[in-house]
Amino acid sequence: MRISQLFGKTLRDVPAEAETVSHQLLLKSGMIHQLAAGVYSYLPLAWRVLRKIENIIREEMDRAGGQELMMPVLQPIEIWQQSGRDRSFGKTLFTLCDRRERTLVLGPTHEEVITLLISYNVRSYRDLPLLPYQIQTKLRDEPRPRAGLVRGREFIMKDLYSFDVDTAGLDKNYQAMLRAYNNIFTRCGLPAIMVEADSGAIGGKDSHEFMLVAPSGEDEIIYCEGCKYAANAEKATSIKGKVEGGEPAAIEEVATPGMTSIEQIAAFFKVPQSRTLKAVFYAADGAVVFVVIRGDIEVNEVKLKNLLHCDELRLATEAEVSKAGIVAGSASPVGLAGIKIVADDSITTGTNFIAGGNKPDTHIRNVNYPRDFKVDIIADIARARAGDSCPKCEGKLASTHGIEVGHAFKLGTFLSEKMGASFTDAEGVTKPIVMGCYGIGVSRLLSAAIEQNHDDKGIIWPLPIAPFQVHICALYMENPQVAATAEKLYAELQAQGIEVLLDDRMESPGVKFNDADLLGMPVRVTVSPRSLEKNSVEVKRRTEKKPTLLPLDGIVEKLRELISG
RNA sequence: CGGGGUGUAGCGCAGCCUGGUAGCGCACCUGAAUGGGGUUCAGGUGGUCGGCGGUUCAAAUCCGCCCACCCCGACCA
């Protein structure tokens, strides 16, 4: 491709709307253009990258037994009602009415469609397993699109769905997919780390996410410095540790005028915050829930939501709290009645805690569970933090941020039961098909790649997904020798199957070098009168500072070596 | 949905407070010079000032409503 003819112009100033690096560079390099919030056109350079990523994904999916197909974007709302997921998706579903006033959904994903499709095509255990997959645009009316392609309302996604006769088959395919995902990210030159993940509203047992580590990532990853444990902070657990509180003593009321926070209470009683019990109030589908947790630990709302099996979970409002008869600031499970109490298991890690007195300006000491209060549910609902101990090896946990680029779920039979996807086994018994699903955010991966691979000059493409492998900067194209050499090299490289971008514009060297750095092809070749005097060209990897002078003789071979690894 | 911010040429911005019919840089076009990290000079094209309504002799500017986009939060298989 000649830059003079390339559709897409680089900018000097970055559009003000972009904050994250990848968004800025995608816009500055002219690779994408925004049409509406979270909706972008992909210009040729971006499209080349996306196609390369897609092709790597295709190869690995096919190798793992996948079969590519294409499914409708337009889906009747009824299939979402059938699965019940119209409620869990809620307003995120784009909906529209056709001329007959039928409500249609713009597919945010395709589990419903594929499961129905499978139900029409599978009768016998002999028809299974099946691993259909799709690489398509999906649409979600995100509450807040952000960071360019990282969270769009229209985005490209690969989803593979596994259909098995039993959980053993699911487990096998699940493991195969995790391996395929590792292959994919490695082949893309984008090392992703696999973390344990929350399976979300859709349910299911195991779930893993693949994260590209980047400071700007939306997700927090908790990982162990000692072993291989790594989990999304939404899912991560840690060892809470014992708190020495002595032999259980008698309950004692203490006046604590004006003190409502854990900091104040701990300071007043001259004890660490871990010796206190904290009360937090939530509204789960509108009903107030009283949550008790050790004072030094925060509530993990994802865990809590899963525990309560509710559609909506939020902090309760002051009005809801007081209406429930709770004294905010001095609330306590001790003596509380008529309200659901959920406790974190951290309340069992010590004795003689300090808790609220359930009346203003009063706390009580020497509170012990279960001697002094009862709870409805006790479970792990704590947020694991860096510095905590690893649940696997008791090593030290650390935290970092990442962009979720892949997600695997064991769905089980939830959807197949809802959608009527069953088969007859060898004994003639009808059973629901056991499902899994496995997604990769293709367009997000493009952004994440840049987020992870750039410098202050621009993008640094990993070779396997670079739009072009070689970028020829022809300085002073009006010089006939430069033009002839650049053209010849351009043609010869292409004849070798090498992807080349030729900067044939009448621009100054500075402009060309800056654009080459911005666009970020792995290898830059500079053809100029200066180097031609020595029958040479300058070759520089994008990651290197200084170019190397290489003789024209045999240059094609040299370049081929460079880009073959 | 709550909080904050911004809408003036393709991009970045000034002008608005104190009304008088729009300006700068980049990009683009023409010409000349220059020649290895966004080079210089001269000339030129391009704008419903987000939209609608109001006030006024006169509105980018003042007032009202609406819309879009961005950021924080909520939210986000």
Side-chain angles (χ1 to χ4, degrees), chain A residues 8-20 23-24 27-28 30 33-39 80 83-85 87-93 107-112 138 140-148 150-153 155 157 159 161 197-204 207-209 218-219 232 234 283 301-302 305-306 311-315 317 404 406-412 414-415 435-439 441 444 456-458 473-479 482 505-518 524 526-531 538 540 545-547:
Chain A
K9 230 184 239 314
T10 58
L11 303 173
R12 292 212 186 183
D13 297 306
V14 182
E17 75 230 27
E19 285 224 333
T20 49
H23 192 195
Q24 289 178 346
L27 291 168
K28 193 175 185 215
H33 187 268
Q34 179 171 353
L35 184 63
V39 179
W80 289 87
S83 71
R85 293 211 299 167
R87 271 181 295 117
S88 44
F89 269 92
K91 286 184 184 161
T92 303
L93 281 182
T109 180
H110 292 74
E111 277 89 16
E112 278 74 4
K138 307 208 173 189
R140 295 181 192 176
D141 197 354
E142 291 288 350
R144 189 149 90 82
R146 74 187 95 169
V150 173
R151 183 173 293 279
R153 293 194 296 171
F155 55 96
M157 190 153 176
D159 261 316
Y161 313 89
D198 176 57
S199 53
I202 193 167
S207 177
H208 288 85
E209 286 171 337
E218 292 181 295
D219 288 291
N232 190 313
E234 293 177 346
E301 295 185 4
V302 173
K305 189 176 175 186
N306 289 341
D311 286 329
E312 187 213 33
L313 181 76
R314 57 174 168 79
L315 282 172
T317 61
E404 177 192 348
H407 202 160
F409 293 87
K410 287 186 183 172
L411 296 179
F414 167 78
L415 267 172
M435 294 176 58
C437 74
Y438 316 86
R444 174 182 284 184
D456 56 341
K457 289 296 225 174
C473 281
L475 305 189
Y476 317 116
M477 272 298 278
E478 64 278 16
N479 176 317
V482 167
R505 297 172 300 172
M506 296 292 183
E507 288 287 354
S508 70
V511 171
K512 295 195 175 195
F513 289 145
N514 276 298
D515 276 347
D517 287 343
L518 174 61
R524 187 185 82 188
T526 306
V527 181
S528 71
R530 189 185 289 179
S531 65
E538 291 162 31
K540 186 181 92 65
K545 275 257 178 290
K546 300 264 184 206

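Note: hydrogens, waters and symmetry copies are ignored here, and every other heavy atom, side chains too, is used. Reminder, nothing fancy here: chain letters follow the sequence lines and each chain counts from 1.
Counting non-hydrogen atoms under 4.0 angstrom, A:K512 reaches nothing in the nucleic acid. Nucleic acid contact class of A:E209 (heavy atoms, under 4.0 Å, all strands): none. As judged by a 4.0 angstrom heavy-atom cut-off over every strand, A:K91 is placed among residues making no nucleic acid contact. Within 4.0 Å of A:M157, counting heavy atoms only, lies at least one base atom of the nucleic acid. Heavy atoms of A:D159 sit under 4.0 angstrom from at least one base atom.
Under the 4.0 Å criterion applied to side-chain N and carboxylate O atoms, A:K138 and A:D159 are assigned as salt-bridge partners. Comment: A:E218 engages A:R146 in a salt bridge, judged by a side-chain N to carboxylate O separation of less than 4.0 angstrom. A:E142 and A:R151 are joined by a salt bridge, as a carboxylate oxygen and a charged side-chain nitrogen come within less than 4.0 angstrom of each other. We find that A:K91 and A:D141 are not joined by a salt bridge, their nearest charged nitrogen and carboxylate oxygen being 4.0 Å or further apart.
In the model, A:S531 has no side-chain atom that pairs as donor or acceptor with a side-chain atom of A:E538 under 3.5 Å.
Nucleotides B:U61 and B:G7, compared at atom C1', are 15 Å apart to the nearest Å. For the C1' atom pair drawn from B:A27 and B:U18, the interatomic distance equals 35 Å after rounding to whole Å. For B:A42 and B:G37, the C1' atoms lie 26 Å apart once the distance is rounded to whole Å. Taking atom P in both B:A22 and B:U39, the straight-line distance is 31 Å, to the nearest Å. A gap of 27 Å separates the C1' atoms of B:G3 and B:C13, to the nearest Å. When the C1' atom is used for both B:A59 and B:G46, the distance is 24 Å, rounded to whole Å. Look at the C1' atom in both B:C69 and B:C28: the space between them is 26 Å, to the nearest Å.
B:G64 and B:C52 make up a base pair, with Watson-Crick or G-U wobble contacts both under 3.5 Å.
Residues A:R85 and A:L93 are not in side-chain contact: their nearest non-hydrogen atoms beyond the backbone lie 4.5 Å or more apart.
Checking the phosphate oxygens (OP1, OP2) of B:C11, no side-chain nitrogen or oxygen of A:R12 falls inside 4.0 Å.
In this structure, A:F414 places its CZ atom 13 Å from P of B:A77, rounding to the nearest Å. If you take CD of A:E507 and P of B:C26, they are 14 Å apart, rounded to a whole angstrom.
Looking at A:R524, its side chain comes within 3.5 Å of the base of B:G37 through a donor and an acceptor atom. The base of B:G35 lies close enough to the side chain of A:E478 for a donor and an acceptor atom to sit less than 3.5 Å apart.
Put simply, the residue from A:R12, A:K457, A:E507 that forms a side chain to side chain donor-acceptor pair (under 3.5 Å) with A:N514 is A:K457.
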Inset, instruction - List the protein contact pattern of nucleotides 68-76 of chain B with one symbol per nucleotide (5' to 3'): B for base contact, S for sugar-phosphate-only contact, - for none; contact means a heavy-atom distance under 4.0 Å. - result: -SSSBBBBB
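Annotation: the span from A:Y476 atom OH to A:R530 atom CZ amounts to 7.0 Å, rounded to 0.5 Å.
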